[in-house]
2 protein chains.
Amino acid sequence: MITIKDIAKLANVSDGTVDRVIHNRKGVSPKTAEKVKNILKENNFLLNPIASALATKKKYRIACLIPKSDKKNQFWKSPNLGILKARKEVTRYGLQIDIAHFDQYDSKSYLKKFKILQKNKPDAFIIAPVFSNETAFIAKELENNSIEYIFINIDNKKYKNIAFIGQDSQRAGFVAGKLMSLGLPKNSKCGVVQFRQSLIDHKAISNRISGFNNYLKEHRNDIKTKLIKISLNDKKNDLTKIKSFLNSAKTVSGIFVPSSRASYIASLLPEYVNTSNFSIIGYDTTEDNIFYLKNDKIQFIISQRSFNQGYEAVHIISDFLIQKKVPQKKTYSPIQIIIKENVDYDSRNKKTFINELSNQ
Amino acid sequence: MITIKDIAKLANVSDGTVDRVIHNRKGVSPKTAEKVKNILKENNFLLNPIASALATKKKYRIACLIPKSDKKNQFWKSPNLGILKARKEVTRYGLQIDIAHFDQYDSKSYLKKFKILQKNKPDAFIIAPVFSNETAFIAKELENNSIEYIFINIDNKKYKNIAFIGQDSQRAGFVAGKLMSLGLPKNSKCGVVQFRQSLIDHKAISNRISGFNNYLKEHRNDIKTKLIKISLNDKKNDLTKIKSFLNSAKTVSGIFVPSSRASYIASLLPEYVNTSNFSIIGYDTTEDNIFYLKNDKIQFIISQRSFNQGYEAVHIISDFLIQKKVPQKKTYSPIQIIIKENVDYDSRNKKTFINELSNQ
DNA sequence: AATATATTCGTGTACGCACACAATTAATAA
DNA sequence: TTATTAATTGTGTGCGTACACGAATATATT
């Protein structure tokens with residue numbers, strides 16, 4: 001293992017000079033710089049990232065811009081826990097993790113929380129880019145200040161995030177299409193739920209829908225789909241819409257919910273629907289979704305190790321800052337097919353961490 | 001960030017004493033040990049793993065016991081590349097990675113290579129436990145010398161490996177069952193391929209089969225399955241068996257190949273089989289499998305990010321040795337559903353690494 | 001040529017911990 | 001009590017790098 005000292009000896013210069021060359025610092029003549037560079041290459045020298053990390057005075061700060069979760073919106077609870085776990089670990093390395101939770105239905109809160117985080121001048125951002133347009137502003141802001149950022153859970157090609165961690169949502173929709181078609185008789189009809197206008201630009205959701213439609217188009221073009229617009233606020237009205245959809249054809253046999261709110265649809269489902277011929281397919285193993293899965297109201301949940309998404313995101317950006325380790329562009333979470341029978345084996349990590357927390 | 005020095009001051013002892021307490025080294029009186037321990041806890045002190053790694057003189061050695069790959073058996077090529085990539089990275093930390101390739105059809109070579117690796121007295125093992133019985137011997141041997149080991153790709157509950165990285169093979173079989181049933185008409189018949197006796201105790205394969213059968217039993221008990229025993233050596237004989245299976249019922253509509261050799265079955269398939277009503281489902285995106293997938297002979301491949309399995313395995317065991325970072329018991333690879341249409345987007349990591357290699 | 005200024009280079013210390021060794025204290029033997 | 005040994009504690013150095021500071025050399029100014 002060749003060190004800076006070794007290189008210095010070989011080049012007949014001091015350690016400091018080698019250090020300057022390695023980091024492209026000024027104060028070294030072109031001649032010696034060239035000489036040192038060559039010797040560096042010849043011995044294919046690499047910095048010892050551990051010693052480097054220890055010696056670096058700089059303390060990094062990472063900001064997380066993540067939706068908050070509550071009883072109605074449980075999905076983000078899991079990534080948040082993952083972030084907390086990772087925070088515990090990286091704090092030892094002199095890293096500081098700021099977390100701000102925004103309202104995922106309020107784009108203004110997204111921007112507001114971003115600006116708050118920005119005040120601490122973080123060195124990197126972890127962002128859940130729920131709002132496409134506002135993300136444009138944020139991305140620009142960060143790029144102007146050459147602050148790197150990664151996306152978590154929701155991807156968006158338009159931006160220069162150095163990494164994405166989450167599911168391939170297009171493919172996740174595709175798999176949903178496959179699962180759905182499993183139970184669809186010839187020429188039947190299937191609903192696709194869309195919750196309120198404001199989430200139209202939620203890339204993960206729109207990708208799931210397009211993946212879903214793609215599957216049906218490619219493999220089951222006998223199937224008709226119908227968009228069902230649901231308010232999420234007006235339960236009575238929502239119920240009416242579901243009922244009218246159910247009555248809109250002879251063979252209605254499934255509803256695809258491209259978000260984590262399949263439980264809401266399940267809760268609206270009238271008792272007379274024969275669930276053995278009818279499928280609800282949704283995403284993410286939230287408490288409510290699991291409840292309805294176990295009660296045969298939801299047939300499939302596609303989950304994505306969301307706890308790990310938070311956990312990995314922090315580690316990826318930490319390694320990038322400290323060790324200059326360039327992350328993979330895409331870290332895809334598994335497309336887990338969760339059914340009644342295997343749901344209890346899902347997301348062990350999260351459970352262990354929650355236990356750790358409560359033991360303190 | 002509290003350091004050993006800080007603790008020492010608080011306890012009115014020297015750094016060395018704190019160090020002894022932290023590492024449970026002898027030579028410290030029960031009284032002071034108690035005192036230091038309390039202060040350690042009160043301030044919930046954690047070692048700085050970076051400084052710790054830098055100061056540790058010990059250089060670790062990791063041994064990898066992995067099948068070799070060739071034209072006929074391409075699967076292990078990918079994990080091997082992952083291991084090589086990780087090796088490049090961890091060498092910087094003073095780690096040495098020994099790799100030995102055994103013949104996955106010869107249990108003696110498995111043991112032989114193990115013994116060779118053992119001679120270098122490695123500190124930990126990465127093992128692909130292809131042979132269940134011989135693994136018992138190896139595990140015992142390692143446990144007697146308190147050498148930790150992790151399993152890669154193939155899991156086995158019987159042993160005390162500190163981690164497993166790979167697919168949940170049971171679930172992977174289950175998903176295969178689901179995919180298969182997609183195209184199965186009522187009361188049709190479907191074959192399950194089993195290659196030669198010696199691989200019966202290959203846990204990943206037997207788990208896939210049981211997962212597959214479980215799915216059909218649970219969801220499609222109208223389906224009959226038939227075990228097709230294939231030699232892999234005697235092509236003529238194998239072809240006869242396939243043909244006789246195809247003629248054994250009116251509606252034969254699929255073959256499940258629970259290994260990476262679906263391509264072999266595809267190559268045997270007679271031209272007259274109508275592949276639009278007939279599915280071959282197999283595992284792993286080997287070159288040959290991809291070839292037949294693209295030619296519509298194979299309908300589904302379930303893949304598992306095998307490159308990452310090798311890559312992660314090395315990092316997991318490295319972090320364990322250097323940073324004492326306790327690994328997750330199970331690191332499950334995604335159950336990726338690969339079809340003709342998305343196969344080109346699979347395993348990017350591997351491709352990047354191969355490019356890196358060839359640029360040198 | 002002598003001085004001032006800029007450029008290039010070397011040295012020393014710190015990061016937090018591990019560990020060998022020295023120093024101190026306690027326990028035991030004579 | 002004193003000498004001897006064992007148990008306990010303290011000190012110092014090194015791991016490989018980052019970076020501030022000062023020394024040496026080169027260039028410019030008068």
Side-chain angles (χ1 to χ4, degrees), chain A residues 1-37 39-40 43-60 89-95 123 321-325, chain B residues 1-37 39-40 43-60 89-95 123 321-325:
Chain A
M1 228 174 52
I2 195 148
T3 72
I4 284 187
K5 247 181 215 169
D6 300 328
I7 299 289
K9 264 183 210 159
L10 289 173
N12 276 321
V13 295
S14 72
D15 306 8
T17 302
V18 178
D19 176 72
R20 277 170 213 121
V21 173
I22 290 172
H23 294 92
N24 293 315
R25 278 193 263 274
K26 62 176 183 174
V28 41
S29 73
K31 253 183 292 175
T32 51
E34 192 61 25
K35 185 173 60 177
V36 172
K37 269 181 193 166
I39 297 182
L40 245 20
N43 301 68
N44 50 49
F45 171 86
L46 290 171
L47 273 179
N48 180 329
I50 289 184
S52 186
L54 184 62
T56 312
K57 297 277 188 308
K58 179 136 185 55
K59 298 301 172 197
Y60 292 100
E89 295 171 2
V90 300
T91 300
R92 271 279 85 188
Y93 297 74
L95 284 170
D123 303 281
L321 290 175
I322 295 181
Q323 305 185 22
K324 318 293 174 212
K325 193 165 159 185
Chain B
M1 227 174 53
I2 195 148
T3 71
I4 283 188
K5 244 182 218 170
D6 300 328
I7 299 289
K9 265 183 208 159
L10 289 172
N12 276 322
V13 294
S14 71
D15 306 8
T17 303
V18 178
D19 175 73
R20 277 170 212 119
V21 173
I22 291 173
H23 295 92
N24 293 313
R25 278 192 263 273
K26 62 175 183 176
V28 41
S29 74
K31 253 184 293 176
T32 50
E34 191 63 24
K35 185 173 61 175
V36 172
K37 269 180 192 167
I39 297 182
L40 244 20
N43 301 69
N44 49 51
F45 172 86
L46 290 171
L47 273 178
N48 180 329
I50 288 184
S52 184
L54 185 62
T56 310
K57 298 276 190 306
K58 179 140 185 53
K59 298 300 173 197
Y60 292 101
E89 294 171 4
V90 301
T91 299
R92 266 281 87 186
Y93 296 74
L95 285 170
D123 303 281
L321 291 174
I322 295 182
Q323 306 184 22
K324 317 295 176 210
K325 193 165 160 185

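Numbers restart at 1 for each chain; the letters A, B, ... are given by sequence-line order, proteins then strands.
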Worksheet entry | Rounded distance (Å) that lies between atom C1' of C/dG10 and atom CG of A/Asn12 | 13 Å
Response to the item:
Closest non-hydrogen atoms of A/Val13 and A/Lys35, given as atom of the first, atom of the second and distance, are CG1-NZ, 4.4 Å
Worksheet entry | Integer-rounded Å distance: D/dT9 C1' and B/Glu34 CD | 18 Å
Response to the item:
In terms of heavy-atom contacts, B/Leu47 and B/Ser52 come closest through CD1-OG, 4.5 Å
Worksheet item: Rounded to the Å, how far apart are A/Lys35 NZ and C/dC9 C1'?
Response: 11 Å
Worksheet entry | Partners meeting side-chain contact (heavy atoms from CB on, under 4.5 Å) with A/Asp15 (sequence neighbours left out) | A/Ile4, A/Lys5, A/Ala8
Item to complete: Kindly determine whether B/Leu95 and B/Ile322 satisfy side-chain contact (heavy atoms from CB on, under 4.5 Å), including the steps that lead there.
Response: CA-CA 9 Å; B/Leu95 285 170; B/Ile322 295 182; 3.8 Å; yes
Worksheet item: Under 6.0 Å from the NZ atom of A/Lys59, do we count more than 12 heavy atoms belonging to anything else shown?
Response: yes
Distances under 3.5 Å between nitrogen or oxygen atoms of protein and nucleotides 17-21 of chain D:
residue: D/dT17; atom: OP1; partner: A/Asn48; partner atom: N; Å: 3.2
residue: D/dT17; atom: OP2; partner: A/Ile4; partner atom: N; Å: 2.7
residue: D/dT17; atom: O3'; partner: A/Ser52; partner atom: OG; Å: 3.4
residue: D/dA18; atom: OP1; partner: A/His23; partner atom: NE2; Å: 2.9
residue: D/dA18; atom: OP1; partner: A/Ser52; partner atom: OG; Å: 2.9
residue: D/dA18; atom: OP2; partner: A/Asp19; partner atom: OD1; Å: 3.1
residue: D/dA18; atom: OP2; partner: A/His23; partner atom: NE2; Å: 3.3
residue: D/dC19; atom: OP2; partner: A/Arg25; partner atom: NH1; Å: 2.9

Worksheet item: Do the non-hydrogen side-chain atoms of B/Ile22 and B/Phe45 ever get within less than 4.5 Å of each other?
Response: yes
Are any protein N/O atoms closer than 3.5 Å to N/O atoms in nucleotides 23-27 of chain C? If there are, list each pair with its distance.
none

Fill in: Qualifying salt bridge (Lys or Arg N to Asp or Glu O under 4.0 Å) pairs, either residue in residues 22-32 of chain A, two or more places apart
A/Asp19-A/Arg25
Worksheet item: Where do A/Ala33 and A/Val28 come nearest, in terms of heavy atoms and distance?
Response: N-CG2, 3.8 Å
Practice prompt. Measure the distance from CD1 on A/Ile50 to C1' on C/dA18 and round it to the nearest whole Å.
Written response: 14 Å
Practice prompt. Considering just the side-chain nitrogens and oxygens of A/Thr32, establish if one lies under 4.0 Å of OP1 or OP2 belonging to C/dC9.
Written response: yes
Worksheet entry | Distance, rounded to the nearest Å, where A/Lys26 contributes NZ and C/dT7 contributes P | 8 Å
Worksheet item: How sharply is the helix from C/dA1-D/dT30 to C/dA30-D/dT1 bent, taking the axes over five pairs at either end and rounding to 10 degrees?
Response: 60°
Worksheet, complete the sentence: From NZ of B/Lys9 across to P of D/dT11 the rounded distance in Å is 13 Å
Fill in: Exercise: identify the closest heavy-atom pair between A/Ile50 and B/Ala53
CD1-CB, 3.4 Å
Worksheet item: Using a cut-off of less than 4.0 Å, is there contact between a side-chain N or O of B/Thr17 and OP1 or OP2 of D/dT8?
Response: no
Worksheet item: So which heavy atom on A/Ile39 is nearest to which on A/Asn43, and how close?
Response: O-OD1, 2.8 Å
Discussion item. Taking side-chain contact (heavy atoms from CB on, under 4.5 Å) as the definition, give me every residue that meets it alongside A/Asp123, ordered by chain and number, with sequence neighbours left out.
Written reply: A/Lys58, A/Tyr60, A/Arg61, A/Leu321
